[in-house]
Amino acid sequence: QVQLVESGGGLVQAGGSLRLSCAASGSIFRLDAMAWYRQAPGKQREWVATITSGLLTNYADSVKGRFTISRDDAKKMVYLQMNSLKPDDTAVYYCNKIFNRYSWGQGTQVTVSS
């Protein structure tokens with residue numbers, strides 16, 4: 001199995017920043033295209049950002065220009081730099097593959113106060 005562990009969440013004021021980390025471990029030797037997702041209370045999980053093995057990136061319109069996804073294949077890590085945070089960004093954030101997803105991790109809570 002592959003385990004995904006998200007970290008770096010917390011409580012910040014609107015306009016603040018957070019850097020989320022996603023660590024992959026277990027039966028994995030390389031990272032495929034990876035993505036960040038988020039799920040706000042009472043809402044469906046939504047896609048936030050993608051980064052391919054070739055470092056191509058794409059973002060949801062809601063976070064474009066504010067979030068930056070990156071990866072460190074040697075460490076099997078994926079990151080999400082979140083700037084200019086808004087209360088609407090409040091959610092549990094998860095990482096996973098875009099295709100053929102692993103089991104979901106526990107996510108990391110991001111709470112943005114007004």
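These figures come from a predicted structure and were not determined experimentally.
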With a 4.5 Å cut-off on side-chain heavy atoms, are [Y] and [X] touching?
X: V110; Y: R38; answer: no
X: L20; Y: M82; answer: yes
X: S70; Y: Q81; answer: no
X: L4; Y: C22; answer: yes
X: E6; Y: W36; answer: yes
X: F99; Y: D32; answer: no

Can you tell me how far [atom2] of [Y] sits from [atom1] of [X], rounded to the nearest 0.5 angstrom?
X: T68; Y: L80; atom1: OG1; atom2: CG; value: 8.0 Å
X: I98; Y: I51; atom1: CD1; atom2: CD1; value: 11.5 Å
X: T57; Y: K64; atom1: OG1; atom2: NZ; value: 10.0 Å
X: K76; Y: S25; atom1: NZ; atom2: OG; value: 9.5 Å
X: M34; Y: S53; atom1: CE; atom2: OG; value: 11.5 Å
X: C95; Y: Y79; atom1: SG; atom2: OH; value: 11.5 Å

**OP:** Classify the angle between the aromatic ring planes of Y37 and W104 as parallel (below 30°), tilted (30 to 60°) or perpendicular (above 60°).
**Re:**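 The arrangement is perpendicular - the two ring planes meet at more than 60°.
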
Say whether [X] and [Y] are linked into one hydrophobic cluster, either directly or through other cluster members, by side-chain heavy-atom distances under 4.5 angstrom.
X: L31; Y: Y102; result: yes
X: L55; Y: F67; result: yes
X: Y59; Y: V78; result: yes
X: L18; Y: M77; result: no

If I compare all heavy atoms of [X] with all of [Y], which pair ends up nearest, and what's the gap?
X: T111; Y: Q109; result: OG1-NE2, 3.3 Å
X: A40; Y: A91; result: N-CB, 3.7 Å
X: P87; Y: A14; result: CD-CB, 4.1 Å
X: R71; Y: D73; result: NE-OD1, 2.7 Å

Original post:
Strictly by modelled atom types, are Y94 and R101 linked by a side-chain donor-acceptor pair under 3.5 Å?
Top reply: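 No donor-acceptor contact under 3.5 Å links the two side chains.
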
Original post:
Do the side chain of T90 and the main chain of V112 share a donor and acceptor less than 3.5 angstrom apart?
Top reply: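 Yes.
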
Original post:
Is the count of non-hydrogen atoms from other residues, nucleotides or ligands lying under 6.0 Å from K97 atom NZ greater than 12?
Top reply: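 Correct, the count exceeds 12.
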
